[in-house]
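Before any comments, here is the structure.
Hydrogens, waters and symmetry mates are skipped; everything else that's a heavy atom, side chains included, is used.
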Amino acid sequence: MSLITCKNLSFEYDGIPAVKNINFSVSDGDYLCVVGENGTGKSTLIKGLLRLKKPFQGEIILDNQLSADAIGYLPQQTIIQKDFPASVYEVVLSGCLNSLGLKPFFTRKEKNIAKNNMEKLGIKQIKNTCYRDLSGGQQQRVLLARALCATKKIIVLDEPVSGLDPIVTQELYELIHHINLVHKITIVMVSHDIKAAIKYASHILHLHNKQLFFGTTKDYLQSDIGQKFAGELNV
């Protein structure tokens with residue numbers, strides 16, 4: 001079942017074409033990595049998937065059971081966001097906001113969802129800690145738990161390991177892989193780390209302001225573009 005289908009997508013950034021003629025789909029259970037160098041349209045595409053940016057050409061088709069506000073999202077963090085003065089529990093629980101509808105307060109249902117996701121991410125023991133007092137790796141776990149609170153189907157991650165040290169980076173990659181395999185959450189992750197993409201992803205979308213490749217990781221490694229980049233990294 002395709003959760004997201006993109007047909008002939010093109011986006012502009014400040015009036016200049018940022019990425020064009022993109023065609024791909026994301027099926028239930030996939031782990032899709034969107035790779036490419038900086039400034040090649042990866043984040044712009046993700047904003048389009050989340051309905052934060054409107055394409056000037058093409059269309060994004062969501063499965064009938066998937067709305068744009070039911071996609072979990074872990075964005076790139078700003079300095080201000082890293083200094084957010086709220087507890088871990090409050091940040092994670094805020095991921096349930098879209099599911100409240102007309103209800104004015106969080107119910108036991110939302111609170112249990114938050115608690116379960118904190119347990120999955122190994123952060124339940126720090127639920128009362130202030131978010132801004134956490135390490136970078138802990139903050140990313142909190143934001144990942146928050147994203148899981150927003151969805152039962154799919155999460156989108158924009159450079160989730162940016163600025164993290166190698167050990168914490170590896171731990172986060174393994175955690176995301178576990179969420180995909182064990183908890184059956186579909187993953188769409190933007191990354192410039194092609195080596196990690198090849199190791200963990202089931203599918204690769206390679207961009208350079210246009211689509212250079214879309215398909216399985218196995219087919220990517222056999223393609224000219226895949227062999228070029230994998231060869232440079234000795235994968």
Side-chain angles (χ1 to χ4, degrees), residues 1-11 18-38 40-50 55 58-66 70-74 144 147-148 151-162 169-235:
M1 178 180 70
S2 290
L3 298 178
I4 302 174
T5 302
C6 298
K7 297 182 178 180
N8 301 315
L9 272 186
S10 297
F11 292 94
V19 61
K20 58 184 180 180
N21 301 326
I22 306 301
N23 294 274
F24 70 96
S25 62
V26 182
S27 295
D28 194 16
D30 281 355
Y31 187 147
L32 171 67
C33 262
V34 184
V35 301
E37 298 173 37
N38 291 334
T40 53
K42 302 187 301 297
S43 292
T44 299
L45 173 62
I46 291 304
K47 289 176 182 176
L49 295 182
L50 297 166
E59 60 179 333
I60 301 169
I61 304 168
L62 299 182
D63 178 77
N64 291 334
Q65 298 180 2
L66 182 69
I71 298 175
Y73 178 42
L74 197 163
L144 190 50
L148 285 171
T151 186
K152 294 180 180 178
K153 291 280 188 180
I154 181 171
I155 55 174
V156 173
L157 307 98
D158 193 353
E159 301 279 8
V161 301
S162 179
T169 292
Q170 185 61 33
E171 289 176 351
L172 197 61
Y173 278 143
E174 292 290 345
L175 190 56
I176 294 166
H177 188 53
H178 178 82
I179 289 169
N180 175 245
L181 286 181
V182 176
H183 299 294
K184 308 302 181 184
I185 300 293
T186 302
I187 304 292
V188 177
M189 184 169 74
V190 170
S191 178
H192 64 271
D193 188 345
I194 293 179
K195 189 172 183 178
I198 290 170
K199 180 177 179 180
Y200 294 105
S202 63
H203 293 74
I204 304 286
L205 174 63
H206 196 135
L207 301 180
H208 191 88
N209 304 113
K210 62 180 181 179
Q211 185 169 312
L212 299 182
F213 178 88
F214 170 67
T216 66
T217 303
K218 180 179 178 180
D219 288 343
Y220 179 71
L221 288 171
Q222 295 174 350
S223 69
D224 290 342
I225 185 72
Q227 288 182 359
K228 176 186 175 183
F229 280 87
E232 290 175 356
L233 294 168
N234 296 316
V235 176

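- Y173 contributes atom OH, which lies 5.0 Å from atom CE of M189 (distance to the nearest 0.5 angstrom).
- At distances below 3.5 Å, at least one donor-acceptor pair connects side-chain atoms of T151 with backbone N or O atoms of A70.
- In this structure, K42 contributes its side chain and L207 its backbone to no donor-acceptor pair below 3.5 Å.
- The aromatic rings of H178 and H183 lie perpendicular to each other, with more than 60° between the two planes, well past the 30° mark.
- Between the side chain of K184 and the backbone N or O of L181, at least one donor-acceptor pair lies under 3.5 Å.
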Original post:
Between F214 and L32, is a side chain to side chain contact (heavy atoms under 4.5 Å, CB included) present by the stated rule, with each step listed?
Top reply: CA-CA 10 Å; F214 170 67; L32 171 67; 4.0 Å; yes
**OP:** Check the pair S25, D30 against side chain to side chain contact (heavy atoms under 4.5 Å, CB included), reporting the backbone distance first and the verdict last.
**Re:** CA-CA 10 Å; S25 62; D30 281 355; over 6 Å; no
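- The side-chain contact (heavy atoms from CB on, under 4.5 Å) check on K218 picks up T216, Q222, with sequence neighbours excluded.
- A 4.5 Å side-chain heavy-atom check between D219 and F213 finds at least one atom pair inside the cut-off.
- In this structure, L45 CG and S10 OG are separated by 10.5 Å, a value rounded to the nearest 0.5 Å.
- Within the 4.5 Å cutoff, the side chain of H203 has no heavy atoms near those of the V26 side chain.
- For the side chain to side chain contact (heavy atoms under 4.5 Å, CB included) with I154, the lone residue among I187, I4, I185 that qualifies is I4.
- Here I155 contributes atom CD1 and L148 contributes atom CG; the two are 5.0 Å apart, rounded to the nearest 0.5 Å.
- Partners of N209 by side-chain contact (heavy atoms from CB on, under 4.5 Å), not counting sequence neighbours, listed by chain and number: T40.
- Side-chain atoms of D63 and D28, non-hydrogen and from C-beta on, never get closer than 4.5 Å to each other.
- Side-chain contact between L144 and P160 is absent, with no heavy atoms from C-beta onward closer than 4.5 Å.
- Atom CG in L157 sits 8.0 Å away from atom CG in L172 (nearest 0.5 Å).
- Rounding to the nearest 0.5 Å places CD1 of I204 at 9.0 Å from OG of S191.
- With 3.5 Å as the limit, one finds no donor-acceptor pair spanning the side chains of E37 and H208.
- Nearest heavy atom pair, residue T186 against residue N180, reads CA-ND2, 4.2 Å.
- Side-chain contact between I194 and Y220 is present, with at least one heavy-atom pair separated by less than 4.5 Å.
- Using a 4.5 Å cut-off on side-chain heavy atoms (C-beta onward), V188 and L205 make no contact.
- When side chains are defined from C-beta on, K210 counts as touching L212, because their heavy atoms get closer than 4.5 Å.
- In this structure, the separation between OH on Y200 and NZ on K195 is 11.0 Å, given to the nearest 0.5 Å.
- Summarising the geometry of T217 relative to A201, their closest heavy-atom pair is OG1-O, 2.7 Å, with the distance given to 0.1 Å.
- By the 4.5 Å heavy-atom criterion applied to side chains, L3 and I71 are not counted as neighbours.
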